[in-house]
Amino acid sequence: MASTKSGLLFVEGSKVVPGDKICTAKDVLAGKGCYIRGASVYASAVGSLKLSVADDSKKEASVMLEEGRQYASSQVLSIGHMVLGKVIRLLNNMATVEIVAANEIGPLRERNSGIIRKEDVRVGATEEVQIYDSFRPGDIVYAKVISLGDSRRYFLSTAENELGVIKAVSASSGEVMIPISWKEMQCPKTKAKEARKCAKPKE
C-alpha cells in the first residue's frame with residue numbers, strides 16, 4: 001500500500017479487500033464495490049482497484065470483482081438500520097450478536113458482528129442492567145445500529161420498546177417462550193419464567 005499524490009492509499013490495479021481504506025471522500029467518489037464511512041472511501045468487495053472519471057470530472061474508485069464474486073456494497077449497514085441477530089456470547093458488560101438480516105437490505109450474504117453494550121440494553125439506570133438477565137446465547141434479537149464501531153463490529157441498541165429479544169427457547173423445556181412483560185418471558189408448557197429484555201410485540 002502506498003500513498004499517491006491524489007490522496008489514494010492504493011495505486012490503480014492493487015488488490016483490495018472489504019474494509020480497506022482507499023482514500024478520503026473529498027478526493028474520490030465511491031463507485032461499485034466501495035462505500036463511504038465518515039470522511040473516507042472503503043472497499044466492500046475483494047478485487048482490483050479501478051479509477052475512472054465521473055460526470056463531474058471527479059475521480060471515482062470502484063472494485064473490479066474476482067471471478068465468481070458479487071458486489072456487497074448494497075449490504076453495508078449504516079446508523080439507523082434495524083437488524084435481526086443471534087446472540088452468540090455474553091460478557092458482564094456486553095452481548096455479542098451475529099447479525100443475519102437488516103431492514104431495506106434483507107438477509108446478509110456476509111457475516112456481520114455486533115455488540116450490545118450494557119448501557120444500550122434499555123432506557124434507565126445502567127447500573128441496574130444485568131446482561132445475563134437481558135439475553136442468553138441463542139436468543140434472536142431485533143436491534144438498531146447506533147454506531148459503526150470498528151471495522152469488525154457494529155454497536156447495537158435494544159433500548160427502544162420495540163427492540164429486544166423476539167425469540168427465545170426455555171432452558172428447562174426447549175419450548176419457544178412468549179413475552180409476558182418487557183423483562184420476562186414464559187414457557188407455555190411449564191409456565192417457568194425467564195428474564196429477558198423483550199421487544200414489545202407488534203399489534
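We use all heavy atoms of the structure for the numbers below, so side chains are in, but hydrogens, waters and symmetry mates are not.
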Is there a donor-acceptor pair closer than 3.5 Å between any side-chain N or O of [X] and the backbone N or O of [Y]?
| X | Y | value |
| --- | --- | --- |
| S14 | V11 | yes |
| E12 | L51 | yes |
| D133 | Q130 | no |
| K197 | L163 | yes |
| N161 | K200 | no |
| Q186 | K191 | yes |

Closest heavy-atom pair and its distance - [X], [Y]:
| X | Y | answer |
| --- | --- | --- |
| S134 | V129 | OG-CG1, 4.1 Å |
| S113 | T96 | OG-CG2, 3.9 Å |
| L77 | A102 | CD2-CB, 3.5 Å |
| M82 | Y142 | CB-OH, 3.4 Å |
| E194 | S172 | OE2-N, 4.3 Å |
| A199 | G164 | CB-N, 3.7 Å |

How far does [atom1] of [X] sit from [atom2] of [Y], to the nearest 0.5 angstrom?
| X | Y | atom1 | atom2 | answer |
| --- | --- | --- | --- | --- |
| F135 | C198 | CZ | SG | 10.0 Å |
| K32 | S62 | NZ | OG | 9.0 Å |
| E60 | S52 | CD | OG | 4.5 Å |
| S40 | K21 | OG | NZ | 3.5 Å |
| K144 | T158 | NZ | OG1 | 11.5 Å |
| M177 | T190 | CE | OG1 | 9.0 Å |

With a 4.5 Å heavy-atom cut-off, do [X] and [Y] have their side chains touching?
| X | Y | value |
| --- | --- | --- |
| V97 | I88 | no |
| I116 | S157 | no |
| L9 | I22 | no |
| L148 | Y154 | yes |
| E160 | R122 | no |
| L156 | D120 | no |
| I166 | L84 | yes |
| I79 | I146 | no |

Could you state whether V169 and V87 fall into the same hydrophobic cluster, counting links through intermediate Ile, Leu, Val, Met, Phe, Trp or Tyr residues with side-chain heavy atoms under 4.5 angstrom apart?
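Unlinked, V169 and V87 end up in two clusters.
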Answer yes if V165 and I178 sit in the same cluster of Ile, Leu, Val, Met, Phe, Trp and Tyr residues linked by side chain heavy atoms under 4.5 Å apart, and no otherwise.
no
Taking the six-membered ring of F155, is NZ or CZ of R117 closer than 6.0 Å to its centre and within 45° of its axis?
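So R117 does make the cation-pi contact.
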Given F10 and V16, is the side-chain contact (heavy atoms from CB on, under 4.5 Å) satisfied, shown in steps?
CA-CA 8 Å; F10 291 86; V16 293; 4.0 Å; yes
For the pair V28 and L8, evaluate side-chain contact (heavy atoms from CB on, under 4.5 Å) and give the outcome as yes or no after the intermediate values.
CA-CA 8 Å; V28 178; L8 290 166; 4.0 Å; yes
Taking atom NZ as the centre, does K183 end up with more than 12 heavy-atom neighbours from other residues, nucleotides or ligands that are less than 6.0 angstrom away?
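No, NZ of K183 has 12 or fewer neighbouring heavy atoms, counting only those of other groups under 6.0 Å.
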Thinking salt bridges, do K167 and D139 make one under a 4.0 Å N-O criterion?
no
